[in-house]
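The sequence lines fix the lettering, A, B, ..., with proteins before strands; numbering per chain opens at 1. These numbers were taken from a predicted model, which means no experiment stands behind them.
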Number of protein chains: 2
Amino acid sequence: MSGTSTRVPQQERSRATQTRLLEATVACLVEHGWSGTTTTVVATQAGVSRGAQLHHYPTKAALVTAAVAHLAERRAEELRAEAKTLPAGPQRLDRVVDLLAAAFTGPLFVAALELWVAARTDRELRAALVPLEARLGREMHRLTVSLLEVDERRPGVREAVQATLDLLRGLGVANLLNDDSTRRAALLTAWKRQLTELLAP
Amino acid sequence: MSGTSTRVPQQERSRATQTRLLEATVACLVEHGWSGTTTTVVATQAGVSRGAQLHHYPTKAALVTAAVAHLAERRAEELRAEAKTLPAGPQRLDRVVDLLAAAFTGPLFVAALELWVAARTDRELRAALVPLEARLGREMHRLTVSLLEVDERRPGVREAVQATLDLLRGLGVANLLNDDSTRRAALLTAWKRQLTELLAP
């Protein structure tokens, strides 16, 4: 009995430690970029001992990919929660595009982009990141289809959803060094009209 | 007289040295990324003395921004030369989109993306890069309008050209870690149809 009762709080403590490490990692990637992110800096920022950090995430590649997976999960949950407040009817598509555009200009996108670019020339990170990115890409696509409440089996729907996500990725990159929000809003107004036509039954 | 005749070859030698340095810089960014690119490595790869390199480009930020500007200029010239071989009629738009998609998945895009991401957290690079990127963005837009032979004063044309370039930037990022060419080709087939409608007088 006492074994069980001490194990449960320890599992909870472990999870809390992991969460602190993962959130410090994303914050560190956003603030200092890939090359300024070290496991030591992250452990310090998270207030976690170096030993505990190494126990949970033995390498920088393990830490950063777990961090991006964790934040992507949290963002997807937030999007699903927001989805419940979305209006029905024609305004729904507008709001979905705005929600997704916010995701593609937020800290998760910036942290993930740091990793994509670093992984291009870092073999260990690339090996860890490629399967994760494939999974997150599929989940983002499915989430978008479900938020838009469209049927992907209809011709053209799949391509229209993909184009929306690729366009938003491009807009996310355009926003890296400048506030591109005015141009983006005008462009998305036109895109929402097009997407409405493309998705119309 | 003799002053002039020695000065001209020296200017030519200087230009040749600069070109070698700039092309080695882009190759280095593509192969090793931002953090693996040092002025010393570039000078060695270019076969240029450290002194000559420092004379032409005293800092890493000066070297890499000059390199991206140089390559962008060369690519724009190539695109203008290709433009002369483009067919008239409906196939022209297809070919223009393909040419631009190739540019957004080629070495210039990869080198520029390395710089954009690094500049986010590097103040000196950012100061050098932001005005250059604004200029290159405007030139790319103008070049696209001219390749497509469309009139930007017509409503919707400007947004359609912008969306094309933002979409291609997103597709360029999607191609960083994987060969995304099959998905990209299918998506662009759909986009070409849409763009034809958007640009129709």
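- Taking non-hydrogen atoms and a 4.5 Å limit, the residue list of residues 18-33 of chain B in contact with chain A, ordered by number, reads B/L29, B/V30, B/E31, B/H32, B/G33.
- The shortest distance between side-chain heavy atoms of A/E114 and A/T37 does not fall below 4.5 Å.
- Proximity to chain A among residues 155-187 of chain B is limited to B/E159, B/Q162, B/A163, B/D166, B/L167, B/R169, B/G170, B/L171, B/V173, B/A174, B/L176, B/L177, B/N178, B/R183, B/L187, judged by heavy-atom separations below 4.5 angstrom.
- When the heavy atoms of residues 73-107 of chain B are compared with those of chain A, none of the residues falls under 4.5 Å.
- Heavy atoms closer than 4.5 Å to chain B are found in both the backbone and the side chain of A/R120.
- Counting heavy atoms from C-beta outward, B/Q53 and B/T40 have side chains that stay 4.5 Å or more apart.
- Between the CD atom of B/E197 and the CG atom of B/L199 there is a distance of 10.5 Å, given to the nearest 0.5 Å.
- B/R126 approaches B/A119 most closely through the heavy-atom pair CB-O, 3.3 Å.
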Only pairs under 3.5 Å count here: list side-chain donor-acceptor contacts from residues 128-141 of chain B, not counting sequence neighbours, and write none if there are none.
{"from": "B/E133", "atom 1": "OE1", "to": "B/W116", "atom 2": "NE1", "distance (Å)": "2.8"}
{"from": "B/E133", "atom 1": "OE2", "to": "B/W116", "atom 2": "NE1", "distance (Å)": "2.8"}
{"from": "B/R135", "atom 1": "NH1", "to": "B/E139", "atom 2": "OE2", "distance (Å)": "3.3"}
{"from": "B/H141", "atom 1": "NE2", "to": "B/E152", "atom 2": "OE2", "distance (Å)": "2.4"}

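- No other option in A/L113, A/L198, A/D122 has as many heavy-atom pairs under 4.5 Å with chain B as A/L198.
- Side-chain atoms of A/V117 and B/W34, non-hydrogen and from C-beta on, never get closer than 4.5 Å to each other.
- Atom CG in A/L188 sits 11.0 Å away from atom CD in A/Q194 (nearest 0.5 Å).
- Residue B/A62 comes nearest to B/Y57 through the heavy atom pair O-CD2, 4.1 Å, listed as atom of the first residue, atom of the second, then distance.
- Residues A/Q10 and A/R13 meet the side-chain proximity criterion, which asks for heavy atoms closer than 4.5 Å.
- Contact check for A/T39 versus A/R50: side-chain heavy atoms found under the 4.5 Å cut-off.
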### Message
What verdict does the side chain to side chain contact (heavy atoms under 4.5 Å, CB included) test give for A/T65 and A/L125, after you've listed the backbone C-alpha separation in whole Å, the side-chain angles of each residue and the deciding distance to 0.1 Å?
### Response
CA-CA 8 Å; A/T65 49; A/L125 178 60; 4.2 Å; yes
